[in-house]
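As structure tokens, the structure follows; a few thoughts come after it.
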Amino acid sequence: MNYFKRALIHVKANLGKSLLIFIIFLVTMGAVSTAFMTSRMYNKTLEQTFKDGTVPVYVRNSYPDDLIGNITYNWNDYQEISSQQKFDIAELEEVESSDISMYSSLKPGQLTMPNEMLDYGLSINYVKDPEQSVSEENKEAYQFNYDKELFKNNPQSIILNDLILDENNLEVGDTIVLDINSDYSEVESIPELEEQEFTIVGSYSAEPTQAMIDNENANAEEYGFEPDLTFSYLYTNAYIPLSAGKSYLKYYEGVDQQNGEAIGASATYYLKSLDDVSKFKTDVEALTGTQVEVEFDLNSEESETAEGLSVIIGIQSILNYFLLFGVVVVIVLLTILITLFIRGRKKEIGIMVALGETKRNIYFQLVFEQVIIMSLATILAYPICLVILTVLSSKFGFLALGLTIVPLIQSVIVGVIIIGLITLIPAIYTLRLQPKKILL
């Protein structure tokens, strides 16, 4: 292990050069350590956010990026996931339930609304399970009372708010005829959708919770507007089986040339657990025939940990850009610096070779010189980054890392890989020479 002692002596004897390399390693290992720490914090926060329920996600086609992150596709060539495919995705086995909105509404005037809802039509929600389609933060506001078997087996079922039933003298078991052409579509009305007959299989009641009222008041005060405490969206939903919405799509074929859709459709899928996300992505890609991104729908989670999750995703995004380019730049920079430093040590190395020191041991000495500097940089950078992230976690609501050395071990492994790369070229440059040539 003489080469290790020589490495330590050389680092001490060349403090100026060692300090320059130390500073570069300090920044690099700080970023690498932070990346591993945030990854573990992200996973902990993710598990906490969705520990008590299903996992809401949405799907989009992957954006092809160039090396510096710019989107390279042509908007004219970009193909959205079609409405038909979104309904097909909802049938995958990983999907516990789904909330699909086709930006469609029942036109005002078809049903009489209670006074506070006079300006609203009914929003159509195509769902597997009405209760599961309600976001977690709003679940306590709803109370459903409906025949689940009828809703599941009869595509022309409908569930309305009990205030609307009362206003229109309707009861469960009655049938109603509605025009379900989209109020938001720019295309002409489709005759086949003008007279759809539905059977009322149940109703739901809704009442805003105190938490919702407090949140609305807080937002109004923060942004300077009058709070809307009517919460009309709680009452103006019409729930229709997913199979019905899927069958209506055939009427739109050829009406709108963009993706074969007459109206846009957005979908949130509620997966059974976090373990299903990977398989869900694979199944969606097989179904759509294209690469997709599966992203968590944080809008459906208003908890503190969900907000923290958004913050930590932002931190990861910044780190990804740094690591993509910064590590490459650091490797090139350190390779050049170490090569220049070693060129100045040619006589020293030549004497060592002439005295019988093996080239392997000389290479190990070069490596250990950088390992010593990298280790010191990591020992300093890691706790600093940990403290910063812990402070941020308490402020923004994502979960702190806690007592674990796994990110530290991961960072050291990356550091060793970097050292192997940056010492390879200078070592080859020097050690390929014969002792007499090195001494010249």
Side-chain angles (χ1 to χ4, degrees), residues 82-84 86-87 90 98-130 133-134 144 146-147 150-206 230-268:
S82 70
S83 292
Q84 180 68 53
K86 289 173 182 175
F87 278 96
S98 60
D99 184 10
I100 297 181
S101 172
M102 293 173 63
Y103 306 123
S104 182
S105 67
L106 301 180
K107 297 176 181 179
Q110 297 192 71
L111 290 170
T112 302
M113 302 287 187
N115 290 335
E116 68 270 22
M117 295 181 280
L118 285 178
D119 295 332
Y120 292 86
L122 292 182
S123 298
I124 301 178
N125 296 271
Y126 302 95
V127 298
K128 278 185 177 181
D129 183 339
S133 71
V134 178
F144 285 89
Y146 69 103
D147 189 318
L150 276 178
F151 185 82
K152 178 180 178 181
N153 297 321
N154 180 9
Q156 297 304 109
S157 298
I158 192 169
I159 297 172
L160 298 170
N161 184 267
D162 51 13
L163 294 177
I164 294 176
L165 295 183
D166 291 342
E167 189 76 18
N168 293 273
N169 296 315
L170 294 170
E171 296 179 353
V172 173
D174 289 348
T175 58
I176 55 174
V177 177
L178 300 171
D179 179 353
I180 63 169
N181 279 285
S182 172
D183 224 16
Y184 299 105
S185 177
E186 296 180 358
V187 302
E188 295 182 3
S189 180
I190 299 172
E192 291 87 347
L193 300 180
E194 290 177 357
E195 294 186 354
Q196 288 291 322
E197 185 176 278
F198 294 95
T199 300
I200 302 172
V201 299
S203 66
Y204 75 93
S205 58
T230 61
F231 295 96
S232 297
Y233 66 89
L234 292 177
Y235 312 100
T236 56
N237 290 318
Y239 295 97
I240 297 174
L242 194 67
S243 55
K246 190 172 181 179
S247 68
Y248 297 151
L249 290 176
K250 64 185 177 183
Y251 298 123
Y252 295 118
E253 291 180 2
V255 176
D256 189 344
Q257 297 303 311
Q258 184 178 359
N259 303 323
E261 295 181 281
I263 51 179
S266 65
T268 297

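We count residues from 1, following the sequence as given.
No donor-acceptor distance shorter than 3.5 angstrom exists from the side chain of D179 to the backbone of E195, with no hydrogens or angles considered. With hydrogens and angles ignored, the 3.5 Å screen pairs a side-chain donor or acceptor of N237 with a backbone N or O of Y233. Counting only distance, with no hydrogens or angles, the side chain of K128 and the backbone of L242 share no donor-acceptor pair below 3.5 Å. Side-chain atoms of D174 come within 3.5 Å of backbone atoms of E171 as a donor-acceptor pair (strictly under, hydrogens ignored). Using a distance-only test at 3.5 Å, with no hydrogens or angles considered, no donor-acceptor pair links the side chain of Y204 to the main chain of P130. In this structure a side-chain-to-backbone donor-acceptor pair under 3.5 Å is present from S157 to L150. Using modelled atom types, one side-chain atom of N168 and one backbone atom of T112 make a donor-acceptor pair closer than 3.5 Å.
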* To do: Take F144 and Y239 through the test ring pair (Phe, Tyr, Trp, His ring centres under 6.0 Å) and record every step on the way to the result.
  => CA-CA 11 Å; F144 285 89; Y239 295 97; 5.5 Å; yes
* Go through the steps for V127 and I100 under the test side chain to side chain contact (heavy atoms under 4.5 Å, CB included), then give the verdict. => CA-CA 7 Å; V127 298; I100 297 181; over 6 Å; no
* To do: Kindly indicate, with the supporting measurements, whether the criterion side chain to side chain contact (heavy atoms under 4.5 Å, CB included) is fulfilled by L111 and L170.
  => CA-CA 10 Å; L111 290 170; L170 294 170; 4.3 Å; yes
* Working for side chain to side chain contact (heavy atoms under 4.5 Å, CB included), residues Q156 and Q196 -> CA-CA 8 Å; Q156 297 304 109; Q196 288 291 322; 3.1 Å; yes
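Between I240 and P155, the shortest heavy-atom contact is CG2-O, 4.0 Å.
With a 4.5 Å cut-off on side-chain heavy atoms, I200 and L165 count as touching. Residues T199 and I158 fail the side-chain proximity criterion, which asks for heavy atoms closer than 4.5 Å. Between I164 and P114, the closest side-chain pair of non-hydrogen atoms falls below 4.5 Å. No side-chain heavy atom of S203 sits less than 4.5 Å from a side-chain heavy atom of L160. The shortest side-chain heavy-atom distance between L178 and Q110 falls under the 4.5 Å cut-off.
Legend: residues meeting side chain to side chain contact (heavy atoms under 4.5 Å, CB included) with E197, ordered by chain and number and at least two apart, are T175, V177. By the ring-ring contact (aromatic ring centres under 6.0 Å, His included) test, Y146 is found to be paired with F151, residues two or more places apart in sequence or in another chain being considered.
Note that the OH atom of Y248 and the OG atom of S243 stand 8.5 Å from one another [nearest 0.5 Å]. Taken to the nearest 0.5 Å, the OG1 atom of T236 stands 11.0 Å off from the CG atom of L163. The distance from the OG atom of S133 to the OH atom of Y126 is 13.5 Å, given to the nearest 0.5 Å.
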